[in-house]
Amino acid sequence: MTDSLSSRLSQVQSRLRAACAAAGRADDAVALLAVSKTFPAADIRDLFALGQRAFGENYVQELQQKCEALADLAVEWHFIGPLQSNKTRVVAERAHWVHSVDRPKIAERLSAQRPDALPPLNICVQVNVSGEDSKSGCAPEEAMALARAAAAMPRLRLRGLMCIPEPTEDAAKLAAQFAVLRRLRDQLNAEGLALDTLSMGMSADLELAVSEGATLVRVGSAIFGDRHYSH
Ligand SMILES: *Cc1c(COP(=O)(O)O)cnc(C)c1O
């Protein structure tokens with residue numbers, strides 16, 4: 001096993017513990033999702049041996065290949081990338097979680113295609129908290145209706161909300177975007193939905209996300225190193 005994977009994983013785990021302590025939250029209040037997109041299945045195998053169980057993928061074909069290559073391991077697979085409606089079946093059959101549900105059609109297809117032999121698929125509604133046109137995610141005004149609809153779908157289990165904020169050096173602006181997601185979660189819970197997940201924070205901003213209430217951070221490059229895209 002490469003020392004660098006193991007030492008980078010421990011560094012991220014200590015950053016996470018320190019962020020929880022600084023925010024007055026319990027040590028285990030925030031789950032770590034290792035975002036393995038573009039990295040080989042062998043890296044996942046190494047991290048699994050170190051105790052990491054949850055891995056995130058962005059591309060359907062890559063998810064499928066890695067599930068097949070690692071079928072002997074009890075990996076918890078999270079799909080976190082943009083999802084086209086003609087590719088939902090593989091995700092419904094392979095993933096334990098989908099963080100990127102951003103329109104009713106995707107939720108409907110995932111629910112219809114989730115195999116009966118598996119437990120309901122855990123999902124998060126992805127919200128565009130920055131208002132940038134190019135970003136995926138539903139508008140904050142649409143999130144409540146989409147969350148209510150998804151919560152009622154038989155083969156889905158609505159767990160919470162996810163966002164990818166607009167990158168900015170301005171910590172206050174970033175914190176404000178995370179806070180949009182937290183307030184939406186609070187509103188939905190006030191209506192009686194029991195959302196336990198705020199999926200926000202990545203390699204560069206996990207501390208800020210934890211201080212704004214993240215319960216799951218999605219960390220790629222800080223664990224795996226720099227990505228080289230071949231897509
Ligand atoms: C790639 C990716 C991440 C991880 O980003 P890093 O900056 O490498 O930590 C997190 N979330 C999503 C949705 C991603 O696509």
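Atoms within each ligand, like the ligands themselves, are counted from 1 in listed order. Quantities reported herein were computed from a predicted structural model and do not represent experimental measurements.
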Practice problem: Have a look at ligand 1 and work out which part of His99, if any, has a heavy atom under 4.0 Å from it: side chain, backbone, both or neither. | Solution: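 It is neither; nothing of His99 touches ligand 1.
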For [X], counting its heavy atoms only, list the atoms of ligand 1 lying under 4.0 Å from any of them.
X: Ile164; answer: 13 (C)
X: Ile80; answer: 11 (N), 12 (C), 13 (C), 14 (C)
X: Asn58; answer: 14 (C), 15 (O)
X: Gly220; answer: 4 (C), 6 (P), 8 (O), 9 (O)
X: Arg218; answer: 4 (C), 9 (O), 10 (C), 11 (N), 12 (C), 13 (C)
X: Val219; answer: 9 (O)

Evaluate the side-chain proximity of [Y] to [X]: yes if any heavy-atom separation is below 4.5 Å, no if none is.
X: Cys67; Y: Gln64; value: no
X: Val91; Y: Gln113; value: no
X: Leu110; Y: Ile106; value: yes

Quiz item: Hey, is Arg148 close enough to Glu191 for a salt bridge, meaning N to O under 4.0 Å?
Solution: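 The answer is yes: the pair qualifies as a salt bridge.
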Quiz item: Is the cationic atom of Arg53 (NZ for Lys, CZ for Arg) positioned less than 6.0 Å from the six-membered ring centroid of Phe48 and within 45 degrees of its normal?
Solution: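 Flagged: Arg53 positioned over aromatic ring of Phe48.
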Quiz item: How far apart are the C-alpha atoms of Ser130 and Asn128, what are their side-chain angles, what is the distance that settles it, and do they pass the side-chain hydrogen bond (donor to acceptor under 3.5 Å, both in side chains) test?
Solution: CA-CA 6 Å; Ser130 71; Asn128 179 349; 3.3 Å; yes
